[in-house]
Amino acid sequence: MDFSFIFDWYYIETLLEGLVLTLVLALLAVVLGSLFGFLITLMRISNNKVLNFIGKVYVEIIRGTPLLVQVLLIYSFFKIPVTIIFGIDMSSFIPGMLALLINSSAYVSEIFRGGVLSVDKGQSEAALSLGMKDGLVMRKIILPQAIKNIIPSLGNEFITMIKETSIFMYLGVAELMYSAQIIKSETYRTKEVYIVVAVLYLVLTLSTSKLMTIIERKLRKHDEK
Ligand code: ARG
C-alpha cells in the first residue's frame, strides 16, 4: 500500500474541496428538504382528504424508488447550459440538488409527522378548547414538544444525506467521491484512495453524531429545568 498521495498538497486540496462540497450538499438537502417536508407534513395531518392523499402518495413514491433513479431522472429532464458559479457547474448541481432535497423532504416529512403525533392529543384539544387557532396551537403547543423527538432524527437524516451525496459523482459534481475518482485516475492507488475517502466520510458522520449527542443533552437539560 502506498498512501504517499496524501502528502501531496494538490491531492489534499482536491480531497478538502470534495469534503466541503459534500457537507454543503448534505446541509442544503436537509435544510431545504425540511422546509418542503414540513408542507408535506401539514398536508398529511390535515383533515382535508385530498391533501392528505396527495401527501401520502408523494411520500410513498419518493421512498419507494431509489435515490439514484430519482437523480438521473430529474437530471434527464433538465437541460441547463453549463454555468460555473463558485467553481461548481450548475447544469448538474441544480438538478442533483433538486433530486436530493425532494428525496430528503419525503423522509423529513415523516420525521415531523412522527414528532407531531408523539404529542398527546389532549394537548391540542385543550388549547383548541381555550379558543386558540390551529396555527397557534401548532406553533405554541405542539412544535415545542415535538422538537425533542424531531432533532435526533433530523441528525440521522443529515448523516444519511452526507453518505447519499456520493451519488453526485454520477453527475460530475466534485464532491468527495468525485475527488476520489480524480485522485484514483491520476495515481492508480485505487484501494488507498477508497480507504482515505471512507475515513473522511467517517470523520464527517462521527462528528455529526457527536454534535447531535451534545445538542440532545442540552435539550434534555433545558427540559429538566
Ligand atoms: N439509498 C437509499 C435510496 O436510494 C436511501 C435514501 C435515503 N434517503 C433519505 N433522505 N434518508 O433510496
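Please read these numbers as outputs of a predicted model, since none were measured by experiment. Just so you know, these numbers use all the heavy atoms, side chains as well, and skip hydrogens, waters and symmetry mates. All residue numbers in this chain count up from 1 along the given sequence. One-based numbering, in listed order, for ligands and for the atoms of each.
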Do [X] and [Y] pair up side chain to side chain, a donor and an acceptor below 3.5 Å, judged on atom types alone?
{"X": "N48", "Y": "S46", "result": "no"}
{"X": "Y58", "Y": "S105", "result": "yes"}
{"X": "E17", "Y": "S179", "result": "no"}
{"X": "Q70", "Y": "T65", "result": "yes"}

| query | Can R63 and E110 be counted as an ion pair, charged N to O under 4.0 angstrom? | reply |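 Salt bridge present between R63 and E110.
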| query | Is T22 reaching over with its side chain to a backbone N or O of L176, donor-acceptor style, under 3.5 angstrom? | reply |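 At least one qualifying donor-acceptor pair exists.
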Mind listing the N or O contacts between ligand 1 and protein, cut-off under 3.5 Å?
unit_1   : atom_1 : unit_2 : atom_2 : d
ligand 1 : 1 (N)  : E164   : OE1    : 3.3
ligand 1 : 1 (N)  : E164   : OE2    : 2.9
ligand 1 : 4 (O)  : L67    : N      : 2.8
ligand 1 : 8 (N)  : N103   : OD1    : 2.8
ligand 1 : 10 (N) : N103   : OD1    : 2.9
ligand 1 : 10 (N) : E157   : OE2    : 2.7
ligand 1 : 11 (N) : E157   : OE1    : 3.0

